Every structure is written in structure tokens, then in C-alpha cells.
J.: 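Please find one structure pasted underneath; my questions will follow.
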Amino acid sequence: MWQLDGWGARVRIGILMPNYDIGPEVEFAAMAPEGVTIHSTRVRSGVMPGAAIDRLARAFAEPPAIDDAAELLAAAPLHA
């Protein structure tokens with residue numbers, strides 16, 4: 001059965017995700033209205049779940065990993 005692949009979407013949204021978190025892409029896609037697709041790239045943080053939330057947040061935003069991931073996502077044909 002043929003399914004949409006994202007190229008014909010009226011809006012393509014990009015998100016940066018921590019490497020250990022597997023749920024948000026599905027959750028964002030479930031909330032997106034028809035014609036909106038979600039595309040993600042992973043950020044290697046080096047910190048695993050279970051760490052304090054401030055440590056997780058700092059590790060996620062630490063260069064160069066966040067910069068590398070943002071550069072990869074920015075190269076995709078996204079709208080936001």
C-alpha cells in the first residue's frame with residue numbers, strides 16, 4: 001500500500017532529539033495535522049536517562065554535538 005513519504009507535505013518541521021529518546025518523533029507526528037510531517041536528527045549527548053534533568057539539558061545543548069546536529073537538519077528541505 002502506498003503511503004506518504006513527506007516530500008508532498010505542505011509543511012515539513014525539523015526537530016533535534018537526544019540520542020537516547022525514542023518517543024517524541026512519534027508523539028509529534030501523532031499531533032501534527034494532515035499535510036504536516038516531522039523530521040528529526042539525533043544529538044549525541046553522552047549522558048543517559050536517569051541523570052538529573054539539568055545535567056541532561058546541559059549535555060544536550062553542549063557544542064559541538066548540538067551544532068553538528070543542527071547543521072545536518074538545516075541542510076534538509078524543511079519549513080521550520
Side-chain angles (χ1 to χ4, degrees):
M1 177 180 194
W2 183 83
Q3 294 182 346
L4 294 175
D5 61 6
W7 285 105
R10 60 187 166 92
V11 176
R12 290 183 297 274
I13 298 174
I15 56 174
L16 296 170
M17 299 303 310
N19 62 295
Y20 54 79
D21 200 348
I22 61 169
E25 290 99 335
V26 175
E27 293 167 349
F28 275 97
M31 293 185 286
E34 188 174 330
V36 175
T37 56
I38 306 299
H39 307 270
S40 65
T41 193
R42 298 287 172 171
V43 178
R44 184 179 305 277
S45 70
V47 177
M48 294 306 289
I53 191 69
D54 60 327
R55 186 168 172 224
L56 287 170
R58 260 195 312 277
F60 178 76
E62 196 65 32
I66 191 77
D67 298 329
D68 295 341
E71 185 178 339
L72 289 171
L73 197 57
L78 303 171
H79 297 103

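Heavy atoms only: backbone and side chains are in, while hydrogens, waters and symmetry mates are out. What you are looking at is a predicted structure, and each value in this text was computed from that prediction instead of being measured. Residues: numbered from 1 along the sequence shown.
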J.: Please find the pair of heavy atoms, one from Thr37 and one from Ala9, that lie closest to each other, and give the distance.
T.: OG1-CB, 3.6 Å
J.: Examine Val11 and Ile15 and state if one hydrophobic cluster contains both, with Ile, Leu, Val, Met, Phe, Trp and Tyr joined whenever side-chain heavy atoms are less than 4.5 Å apart.
T.: yes
J.: Ile13 versus His39: any side-chain heavy-atom pair under 4.5 Å?
T.: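 No, every pair of side-chain atoms sits at 4.5 Å or beyond.
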J.: Kindly compute the distance separating CZ (Phe60) from CG (Asp21), expressed to the nearest 0.5 Å.
T.: 9.5 Å
J.: Kindly check if the number of other-residue, nucleotide or ligand heavy atoms within 6.0 Å of CZ (Phe28) is above 12?
T.: no
J.: Could you pull out the closest heavy-atom pair between Ala69 and Val43, with the gap in Å?
T.: CB-CG2, 3.5 Å
J.: Apply side chain to side chain contact (heavy atoms under 4.5 Å, CB included) to Leu73 and list each qualifying residue two or more places apart in sequence or on a separate chain.
T.: Leu16, Thr41, Leu78
J.: Keeping to residues at least two apart or across chains, list the side chain to side chain donor-acceptor pair (under 3.5 Å) pairs with something in residues 66-80.
T.: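 Output for this query is empty, none listed.
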J.: With sequence neighbours excluded, give me every salt bridge (charged side-chain N to carboxylate O under 4.0 Å, His left out) pair touching residues 27-52.
T.: Glu25-Arg42
J.: Looking only at heavy atoms, which two atoms of Arg12 and Pro77 are closest? And how far apart?
T.: NE-O, 2.6 Å
J.: Among all residues two or more places apart in sequence or in another chain, which pass the salt bridge (charged side-chain N to carboxylate O under 4.0 Å, His left out) test with Arg58?
T.: Asp54
J.: Under a single-linkage definition using a 4.5 Å side-chain heavy-atom cutoff for Ile, Leu, Val, Met, Phe, Trp and Tyr, are Ile22 and Leu56 assigned to the same hydrophobic cluster?
T.: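 Unlinked, Ile22 and Leu56 end up in two clusters.
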